[in-house]
Amino acid sequence: MEFMRYMEHSPPGVPFYDVVDRGADHEFALTRQSPPPGWQRTENSEWAIYRAPAENLLKQGWKIHASATPENAEKILETVWDYCVPRQFSFKFLKSPRVLAARNGKYGERGSAGKFITVYPADDQQLEQILHELGPLLDGESGPYILSDLRWRSGPLYVRYGAFVERTVKGENGETVYCIEDPDGRLVPDVRGPSFRPPAWATLPACLEEAVADRNKGTLRDFPFRATKAFHFSNGGGVYYATDTRTGEAVVMKEARPLAGLDQQGRDAVARLEQEHWAMRKLEGLPWIPKVIDYRIGHEHYFLVREHVDGQPLAKEIDRRNPLMREHRAAGDFAAYAAWATKIIATVEEAVEAMHGRGVVFGDLHPANILIRPDDTIAFIDLEAATEASENATQPMAAPGFVAPPSYRGTAIDRYCLACLKIAFFLPMTPLLPWGTDKGDRLLKAITDHFPLPDGFAEQVRADLGPDAHWAPLVGLTAAPQPLSWPEAGPGAWPELRAGLAGGILAAATPERADRLYPGDISQFLGPYGGVNFAHGAAGVLWALRQADAEVPEEHLRWFADHARALKEAPPGFYDGWSGIAYALHELGLPDEARGHLDRVHGLKPEQAPVGGLYSGLPGVGLTLLHFAAETGAEELHEQAGTLAEWLIDHPLPPRGPVLPGLMHGGAGIALFLLRLYETSPDPLLLQHAEAALRRDLKVAGVGGPTPPMEAPWRAPVLAAGGAGLALVADLLVGHHPDPELIELRDELRRRVDNHVVTGAGLFNGRAGVVLTLANLTGAVRARHLNDLAWHAVARDGHIAFVGEQALRLSADLATGAAGVLFALRCALDDDRASLPFLRPRNL
């Protein structure tokens, strides 16, 4: 899902993440239709909204959705328009076929798939009227089943209880939560899940009782397989562990929803499931292909049932075994892992050649589509991208990092993906391959430097990657990336690196735009403050440039000040909102502008911000208040910081739960704030609660205890939610409280940070954060960390740019892109070392 959000902000031919106006591309004919007299028309990036005159639209209630396919959407829209407008029923609809296809696509939200039109009845009587009058007009039209709704008879109309107008709150981790109001007037989540579950207090209208009864009849009572556990969902269906009720045998059942889960070719989940069924039958008898047990329809959905394979996805096994991905390893581990990996690779290669011998191209070869049993035998799953070898087809779909260049067809696709797999066994960084001719060579050199591999390994990988390996369609640029020159690590490299990075950041600037100055992460587009704030906007980039003694153009300073002043609303937090904007303006020499934004958080009530972390929580606000209190001598700012600290002490984070550990969202941010307040007001209670907040995070992250699950976001030693941020705060804490256990845990975290391989470049979640952390903790950074930043670097117009999150586009921001790398290198290589705001180490 996260990957698809990045895909939506990756317009072809553009090197940076950007807004894609999906509504403006081949809109429906009625999208620009002027409303009748007295009506109001508004729109956003997806919806055209028509509100009837003299109507007080309810805030919430029972609403009607119309589902549609790309083929009948125009007709359904015309029918609904012609029905609603004369009767003055408010409604909205998706603006274009492209938006509808995204909603119905494979990676769309399951609870929202199929929702094309929404009609807003004024009451239960109007609800019944619309269903009985509009329903017959749409009889016979098809559309994806809307899982979150109750279906009205057999047509494309559905009903659910939910919000009519947008009301949101911030969740524990700063995320936006869409809400409805409960009977006590409290805002509670408006759940759009994959099943019809109205709030317990919402009275079901009498007209829907028949529909509920029909829904309850439509079960799989006579179905011979009983699902026992769901382990994967997508918009196209689900995958379940199940039991064959006839034999008691354990099986795996894959579900496909008609007309939903559309892929780039417009095929729905059923078409792909039928393709998978064809491939498994074609390959039946091969030892690497699970046996097909059944293929049937159940309650409108299609099901492919296969034998259960007692194994784990190869991706998880690689992550568990690979010594480069572990902080504790011995020299012999690399040889042992290389021997195991080459054995599995040989098996995979044998199996792929056997598939080709049967006339089948797998098409979607990657570690998550291979299961490995305890005895190291393998099985292939998810063959829905398989094609006839004789068709010599292009790749229909692919996982990130395994996308073959568009010129590759047929069996050449599997050979390319096999080469990517060989790299991923040792360094899971194949999404970087499209970003330059040097990427494959850099990764292969790192692999062969660490692992004893058979002669010819690298040469065979290069041969299978082929001459176009650096040019895959996910990059979508109009010119191939240029070769990169990266100076050898050391203080002498700093001037060249500073010039290359700062030049690239400034060259990418767009002061003519209103939404952002420097291109960065997709978070820039999730709110009006995204292009201005400290993490992803102009505040953090300009601050990093100034900290690196690089050029800061006056025009860019004016852009930042003007657009910050024009903001109507923003969160109070440091990295996402007002606090960070005020801090940056002050540090950039604009104290009067800074004070205006600080006033927006002065007097903030503690319940108006999330509790944990520096990113959007109270700790970042409190640290900003302390900073300005010290700079200006304003005692009232220090007093307010103390009030926030009291609130945090009275509202500790739960021992476990939805709040991530770490600096940006968890208890480490609280600990940092309480420590800095303790340094100005040495109350032992502050130190005690700082230690408690940090120990909470250490426990959740499994430091000094059980290893957290492989999928835990804090498992990697990164700055935002991982061990790097915890190590920095632990180091500050032991300066005031040299507890032997805490010292040992800090040292363990430091070893993890130094030994682990991270797969991204960014400051918050990648190698730049590792560089900054080690510079602050040890005063020295090993050359390999600095040199390996080149894996993620791209030459652009004579400058250095950096690949952003998900490796689909470049980023220049502080959290994920070139500005963060620039600042990390400044911390590591400049004589006058520094750190992020509020994190300056004790010894600096």
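Each residue takes its place number in the sequence, starting with 1.
In summary, R565 and E593 engage in a salt bridge, as defined by a charged side-chain N under 4.0 Å from a carboxylate O. Salt-bridge annotation for R750 and D731: absent, with no side-chain N of the basic residue lying under 4.0 Å from a carboxylate O of the acidic one. Under 4.0 Å is where a charged nitrogen must lie from a carboxylate oxygen, and between R782 and D788 no such pair does. Taking a cutoff of 4.0 Å between a charged side-chain nitrogen and a carboxylate oxygen, K59 and E166 do not qualify as a salt bridge. Salt bridge status for R558 with D562: absent, with no side-chain N to carboxylate O gap under 4.0 Å. At a threshold of 4.0 Å, the pair R751-D754 does not count as salt-bridged, since none of the basic side-chain nitrogens sits closer than that to a carboxylate oxygen.
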**OP:** Before giving the answer on salt bridge (Lys or Arg N to Asp or Glu O under 4.0 Å), spell out for R695 and E741 the whole-Å C-alpha distance, their side-chain angles and the decisive distance to 0.1 Å.
**Re:** CA-CA 11 Å; R695 284 189 180 275; E741 182 186 17; 3.2 Å; yes

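When all heavy atoms are compared, the tightest approach of A535 to F764 is CB-CE2, 4.3 Å. Nearest heavy-atom pair, A834 versus R840, reported as atom, atom and distance to 0.1 Å: CA-NH1, 4.0 Å. The shortest non-hydrogen separation linking I581 to A564 is CG2-CB, 3.8 Å. Looking at every heavy atom in both residues, P619 comes nearest to G613 through CD-O, 3.3 Å. Pairing each heavy atom of V781 with each of A775, the nearest pair is CG2-N, 3.6 Å. Across every non-hydrogen atom of L726 and A668, the tightest pair is CD2-CB, 3.7 Å.
For the 3.5 Å distance criterion, the side chains of D813 and T816 qualify, holding a donor opposite an acceptor. Between the side chains of Y575 and H536, no donor-acceptor pair of N or O atoms lies under 3.5 Å. Neither side chain, Q688 nor H737, offers a donor N or O lying under 3.5 Å from an acceptor on the other. Under 3.5 Å, the side chains of R5 and Q806 contain no donor-acceptor pair of N or O atoms. The closest side-chain donor-acceptor pair between S811 and D521, if any, does not fall under 3.5 angstrom.
In this structure, V821 and I800 have side chains that are not in contact, with every pair of non-hydrogen atoms separated by 4.5 Å or more.
Checking each of L772, L786, V757 against R767 for a side-chain contact (heavy atoms from CB on, under 4.5 Å) leaves exactly one that passes, namely V757.
When atom types are taken as modelled, the side chain of T680 and the backbone of L677 share a donor-acceptor pair closer than 3.5 angstrom. Remark: side-chain polar atoms of R498 are paired, donor with acceptor, to backbone N or O of A548 under 3.5 angstrom. Using modelled atom types, one side-chain atom of Q524 and one backbone atom of G520 make a donor-acceptor pair closer than 3.5 Å. A donor-acceptor pair is defined here as one N or O able to donate and one able to accept, closer than 3.5 Å; no such pair exists between the side chain of W559 and the backbone of A514. With hydrogens and angles ignored, the 3.5 Å screen pairs a side-chain donor or acceptor of D697 with a backbone N or O of G662. The closest donor-acceptor contact from the side chain of R676 to the backbone of L626 lies at 3.5 Å or more, if one exists at all. A donor-acceptor pair under 3.5 Å is absent between the side-chain atoms of W578 and the main chain of G573, judged by distance alone. N776 places no side-chain N or O within donor-acceptor distance of the main-chain N or O of P841, the cut-off being under 3.5 Å. Side chain of S616 to backbone of D576: no donor-acceptor contact under 3.5 angstrom is found.
Y615 has its ring centre less than 6.0 Å from the ring centre of H665.
For residues 598-608, the side-chain hydrogen bond (donor to acceptor under 3.5 Å, both in side chains) pairs, not counting sequence neighbours, are R595-D599, H602-Q640. Residues in residues 618-646 take part in no salt bridge (Lys or Arg N to Asp or Glu O under 4.0 Å) pair, two or more places apart or across chains.
Considering only residues two or more places apart in sequence or on other chains, F838 meets the ring-ring contact (aromatic ring centres under 6.0 Å, His included) condition with F574, Y583.
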